[in-house]
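Data block below; observations after.
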Amino acid sequence: ARESLFREVIIPNLNMGKIVVADRSAYSTEAYQGYGDGVDLNLIRRMNNKATRGIRPDLLFIIDIDAEVGLRKEKEKGRISAKGLEYHQRVNQGYREIAKNNQDISILTPYQEGDISGTHEEIRHHVFERLKL
């Protein structure tokens, strides 16, 4: 699915000079399947690199929310929430590692309970700074 998305949507739009915004990325797979489920990270990275043709984002926002808070706020209880707190703690730690390992593009944004406009403004600031607007 990721390869198809890149081939059919992301790469053509980038080639037209457009800005592409996505709510998930190869880093999500790394966090959930790699850090969370224990799938070999090198395998995940090789497969993601092939699927994305080596294209990585210019900017990566990670909303850093405590695993307990995230589970409590989850609207749809499904197979991911059923994996429990320890799984979500591993995913959170994985995202922090991803941010640490990709400092050139990563913005680790603390979750702000009840302050969506504050989070929006922080993200907006970083985007405008990166785009020099």
Side-chain angles (χ1 to χ4, degrees):
R2 181 161 290 124
E3 189 278 332
S4 176
L5 176 66
F6 268 76
R7 180 176 26 85
E8 296 171 13
V9 179
I10 293 176
I11 292 172
N13 279 286
L14 290 175
N15 288 340
M16 289 187 283
K18 293 183 178 181
I19 295 172
V20 177
V21 177
D23 66 346
R24 298 273 181 213
S25 72
Y27 298 110
S28 299
T29 305
E30 198 173 309
Y32 283 92
Q33 280 72 41
Y35 289 96
D37 285 328
V39 176
D40 182 84
L41 287 169
N42 289 323
L43 174 64
I44 291 171
R45 290 173 184 145
R46 283 194 315 271
M47 292 176 69
N48 277 329
N49 191 54
K50 183 174 179 160
T52 63
R53 299 181 187 175
I55 296 170
R56 60 192 289 255
D58 294 317
L59 201 51
L60 172 65
F61 288 98
I62 297 172
I63 309 296
D64 190 19
I65 183 170
D66 182 74
E68 289 178 3
V69 175
L71 276 172
R72 191 174 63 242
K73 294 182 75 51
E74 196 168 309
K75 290 179 177 41
E76 290 184 34
K77 303 296 182 195
R79 65 179 182 83
I80 298 293
S81 63
K83 291 186 176 197
L85 181 59
E86 288 181 10
Y87 168 81
H88 288 276
Q89 290 170 330
R90 290 191 305 272
V91 171
N92 283 14
Q93 186 56 40
Y95 271 122
R96 290 182 191 108
E97 284 294 315
I98 290 165
K100 187 174 111 182
N101 294 334
N102 296 278
Q103 292 181 19
D104 59 326
I105 62 168
S106 295
I107 309 285
L108 191 62
T109 304
Y111 174 73
Q112 300 175 38
E113 180 76 44
D115 188 14
I116 197 163
S117 63
T119 302
H120 172 264
E121 195 53 43
E122 183 174 341
I123 290 171
R124 184 178 175 274
H125 166 77
H126 289 291
V127 169
F128 280 27
E129 185 178 87
R130 182 63 58 110
L131 295 175
K132 311 239 184 292
L133 297 175

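Every salt bridge (Lys or Arg N to Asp or Glu O under 4.0 Å) that Asp104 has, sequence neighbours left out, goes to Arg56. Under the salt bridge (Lys or Arg N to Asp or Glu O under 4.0 Å) criterion, Glu86 pairs with no residue at all, not counting sequence neighbours. Judged as a side chain to side chain contact (heavy atoms under 4.5 Å, CB included), and not counting sequence neighbours, the contacts of Ser117 are Asp115. Under the salt bridge (Lys or Arg N to Asp or Glu O under 4.0 Å) criterion, Arg53 pairs with Glu3, not counting sequence neighbours. With sequence neighbours excluded, no residue forms a salt bridge (Lys or Arg N to Asp or Glu O under 4.0 Å) with Asp66. Every side chain to side chain contact (heavy atoms under 4.5 Å, CB included) that His126 has, sequence neighbours left out, goes to Phe61, Ile107, Glu122, Glu129. Annotation: side chain to side chain contact (heavy atoms under 4.5 Å, CB included) contacts of Leu71 (sequence neighbours excluded): Glu74, Ser81, Leu85, His88.
Taking Ile, Leu, Val, Met, Phe, Trp and Tyr as hydrophobic and joining them when side-chain heavy atoms fall under 4.5 Å apart, one finds Ile55 in a cluster with Leu5, Phe6, Val9, Ile10, Ile11, Leu14, Val20. Other members of the cluster containing Val39 are Ile44, with ILVMFWY side chains joined at under 4.5 Å, either directly or via other members. Apart from Leu43 itself, the hydrophobic cluster it occupies contains Met47, where clustering links Ile, Leu, Val, Met, Phe, Trp and Tyr at side-chain heavy-atom distances under 4.5 Å. Counting Ile, Leu, Val, Met, Phe, Trp and Tyr side chains that sit under 4.5 Å apart, directly or through other members, Ile116 stands alone, with no cluster partners.
Heavy-atom minimum distance, Leu41 versus Gly34: CD2-CA, 3.7 Å.
For the pair Asn92 (side chain) and Ile65 (backbone), a donor-acceptor distance under 3.5 Å is present. Proximity of a side-chain donor or acceptor of Ser106 to a complementary backbone N or O of Asn102 within less than 3.5 Å is detected. Of the possible donor and acceptor atoms, none in the side chain of Arg130 sits under 3.5 Å from a partner among the backbone N and O of Leu59.
Considering CD of Gln93 and CD1 of Ile98, their distance stands at 10.5 Å, rounded to 0.5 Å. Summarising the geometry, atom NE2 belonging to His125 is positioned 9.0 Å from atom CD belonging to Glu121; distances are rounded to the nearest 0.5 Å. For the atom pair NZ of Lys50 and CG of Asn48, the computed distance is 12.5 Å after rounding to the nearest 0.5 Å. To the nearest 0.5 Å, atom CZ of residue Arg96 and atom CG of residue Leu108 are 7.0 Å apart. The line from OG1 of Thr109 to NE2 of His120 is 12.5 Å long, rounded to the nearest 0.5 Å.
Sorted by first and then second residue, the side-chain hydrogen bond (donor to acceptor under 3.5 Å, both in side chains) pairs involving residues 36-46 (not counting sequence neighbours) are Glu30-Arg45, Asp37-Lys83.
Grouping the Ile, Leu, Val, Met, Phe, Trp and Tyr side chains by contacts below 4.5 angstrom, directly or via other members, places Ile123 with Phe128.
Few gaps surround CG on Leu131; more than 12 heavy atoms of other groups in view lie less than 6.0 Å from it.
Ring-plane geometry between Tyr32 and Tyr95 is classed as perpendicular, the angle between the planes exceeding 60 degrees on a 0 to 90 degree scale with a lower cut at 30.
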